[in-house]
Protein chains: 2
Amino acid sequence: MSEAAGASPRAGAAPGLAPTAVTVDVVLLTLRAGQLSVLLARRAREPFGSHWALPGTFVRLDEDLEAAARRALGDETGVTTAGHTAGHLEQLRTYGRPDRDPRGRVISVAYLALLPNLPPPPAPDPGAGDEPDRGPRARWWPVQDLDSPDGPSLAFDHPEIVGDGVERARAKLEYSPLAAAFCEEPFTLADLRRVYESAWGAPLDAPNFRRKVLSTPGFVVAVGARAAPRGGGRPAELYRRGSATALHPPLLRRSV
Amino acid sequence: MSEAAGASPRAGAAPGLAPTAVTVDVVLLTLRAGQLSVLLARRAREPFGSHWALPGTFVRLDEDLEAAARRALGDETGVTTAGHTAGHLEQLRTYGRPDRDPRGRVISVAYLALLPNLPPPPAPDPGAGDEPDRGPRARWWPVQDLDSPDGPSLAFDHPEIVGDGVERARAKLEYSPLAAAFCEEPFTLADLRRVYESAWGAPLDAPNFRRKVLSTPGFVVAVGARAAPRGGGRPAELYRRGSATALHPPLLRRSV
DNA sequence: CCAAAAGTGTTATGTGTACACCCATGA
DNA sequence: TCATGGGTGTACACATAACACTTTTGG
């Protein structure tokens with residue numbers, strides 16, 4: 001029988017059951033200057049003071065998990081994903097190692113968010129005279145810098161969470177039209193192609209990419225206009241996100 | 001900054017933060033008589049008394065989430081997946097709608113388990129003189145019967161969880177060697193093919209299936225013996241699970 | 001005119017599919 | 001010998017990959 005749902009949670013049905021904190025953490029990815037980047041915030045308090053951490057928050061008692069993720073995103077970036085035409089938010093995975101937070105049992109439901117490059121870099125330090133050894137409160141980090149020596153020191157098990165989020169995003173590009181979530185509408189097929197190239201770190205053949213995308217029903221819809229030409233080259237046609245939720249057949253990466 | 005990890009979970013950093021119960025629920029799938037089936041247990045207590053529910057349990061304070069899932073599985077089925085040569089266990093998704101349990105806030109981390117057909121049907125009612133209107137305490141339900149009128153009434157949001165688990169399993173057959181988790185070793189390629197056919201509800205071409213599986217390195221390894229012939233037909237070669245963790249290219253279903 | 005970027009055409013190569021055919025066993 | 005299921009061969013359709021070529025813009 002289901003003990004999980006069969007006993008009263010408030011009565012402490014399992015012996016020694018103590019309150020457990022539940023949080024959400026958001027892996028927010030975007031494309032900046034051709035680099036797949038993740039938003040990290042500098043911690044102010046111990047433990048892991050001055051380390052970098054994912055945007056996150058406690059889940060309120062009457063709040064849905066996804067609503068908490070949107071709230072964490074908004075608190076940190078000013079972005080309201082609700083009703084926002086661009087972007088994507090999905091549950092990633094739940095992290096619950098008993099020792100993942102030194103202060104007690106904290107279970108974190110991680111979300112993965114994909115957004116177009118935000119017009120203002122999110123939450124830049126408004127005070128210009130900031131401490132030279134602290135730097136900005138939140139910033140984008142190219143994911144390929146995360147493992148380098150001058151990369152950020154991540155708090156808790158956030159290295160694992162970020163890694164899982166990046167891998168999920170890279171994999172979903174293959175069989176979902178999610179790449180378009182990184183693009184501000186309207187976008188060109190070259191914009192869309194650069195999403196794949198940046199995420200996978202390998203060039204794609206532009207003619208074949210075009211045919212592939214256009215032959216997948218509902219991936220993109222033509223908007224019937226051309227982009228403004230910019231310094232040589234034929235202006236590209238413009239597109240919007242289509243209604244497809246999956247790619248059949250998938251757009252597979254070469255290597256793996 | 002990460003509020004989730006930056007505040008003390010025990011001090012109630014978020015105003016009105018009340019204890020939240022965390023549970024695990026397991027979608028255990030197997031193949032019985034050519035039918036993809038899920039293990040459900042009949043609830044003894046309210047709410048949802050006499051409804052059917054997934055095996056589950058509270059997460060203990062110092063217990064890893066996956067360990068709790070294995071414990072729930074063992075309590076319900078007697079199966080110990082730890083060290084068991086067959087089978088597969090992975091996290092599915094976390095369900096946290098505020099109203100999913102009428103008694104309070106209960107967040108459930110769902111796991112997906114795949115096992116070969118268990119030699120004894122798990123947890124049959126040992127007392128033969130059972131109440132005619134109650135039936136067994138736990139039983140396998142073919143997933144295709146779940147939505148029918150004589151299917152089980154599921155408790156809480158377990159219909160959604162079961163649906164997500166079945167869909168995850170069907171999808172993972174395409175791009176992972178997980179189908180072999182349903183097979184007792186050693187197995188024949190026909191056994192493996194029947195897993196796909198049962199899960200997807202469509203026949204596969206046996207010659208092409210054989211070539212596909214054998215051409216994927218590490219999917220299966222030949223054991224160098226043949227199965228005992230059983231009433232006509234050439235005896236099949238025997239195989240064991242290989243070391244591959246993904247299928248490149250995938251084994252795609254026809255429709256979708 | 002040239003350079004650059006978008007878009008079209010063409011061909012070689014590989015992969016999936018369908019199905020004919022042979023092999024090994026029990027009855 | 002037939003029926004049954006395992007296993008091999010093969011031809012066709014289709015998708016991908018590579019790259020030549022045309023179009024449209026700015027300088």
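Only this structure's heavy atoms are used, side chains among them; waters, hydrogens and symmetry mates stay out. Protein chains get the first letters and strands the later ones, always in sequence-line order, with residue 1 at the start of each.
Between A/Arg226 and A/Ser215, the residue anchored closer to the 5' end of DNA chain D is A/Ser215, taking for each the nucleotide with the nearest heavy atom. Summary of the strand contacts: B/Asp205 and A/Pro207 both lie near DNA chain C, and taking for each the nucleotide with the nearest heavy atom, the more 5' one is attributed to A/Pro207.
The separation between A/Leu252 atom CG and C/dT15 atom P is 12 Å, rounded to whole Å. Across the protein-nucleic acid pair, A/Leu247 atom CG and D/dA15 atom C1' stand 14 Å apart, rounded to whole Å. Atom NE2 in A/His248 sits about 13 Å away from atom P in D/dT16, given to the nearest Å. In this structure, B/Arg253 places its CZ atom 17 Å from P of C/dG16, rounding to the nearest Å. The distance between atom CG of B/Leu204 and atom C1' of D/dG5, rounded to the nearest whole Å, is 16 Å. In this structure, the CG atom of B/Leu251 is 14 Å from the P atom of C/dT15, given to the nearest Å. Summarising the geometry, the separation between CG on B/Leu214 and P on C/dT15 is reported as 16 Å, rounded to the nearest angstrom. Rounded to whole Å, the distance from CZ on B/Arg210 to P on C/dC23 is 15 Å.
Taking the side chain of A/Asn208 as heavy atoms from C-beta on, and the options C/dT25, D/dA18, D/dT8, the nearest nucleotide is D/dA18.
Summarising the geometry of A/Lys212 relative to A/Thr216, their closest heavy-atom pair is O-OG1, 3.0 Å, with the distance given to 0.1 Å.
Taking OH of B/Tyr111 as the start and CG of B/Leu92 as the end, the distance is 10.0 Å to the nearest 0.5 Å.
Within 4.0 Å of B/Ala190, counting heavy atoms only, lie sugar-phosphate atoms of the nucleic acid but no base atom.
In this structure, B/Arg234 does not reach the D/dT4 phosphate: none of its side-chain N or O atoms is under 4.0 Å from OP1 or OP2. Residue A/Lys212 places no side-chain N or O under 4.0 Å from the OP1 or OP2 atom of D/dA15. Taking 4.0 angstrom as the limit, A/Arg230 places none of its side-chain polar atoms (N or O) nearer than this to OP1 or OP2 of D/dT25.
A donor and an acceptor atom, one from each side chain of A/Tyr95 and A/Asp164, are located under 3.5 Å apart.
Heavy atoms of other residues, nucleotides or ligands lying less than 6.0 angstrom from CZ of B/Arg240 number 12 at most.
In this pair, B/Trp141 and B/Trp52 present their aromatic rings perpendicular. The plane angle is above 60°, beyond the 30 to 60° band.
On a pure distance criterion of 3.5 Å, no polar donor-acceptor pair joins the side chain of B/Arg211 and the base of D/dG7.
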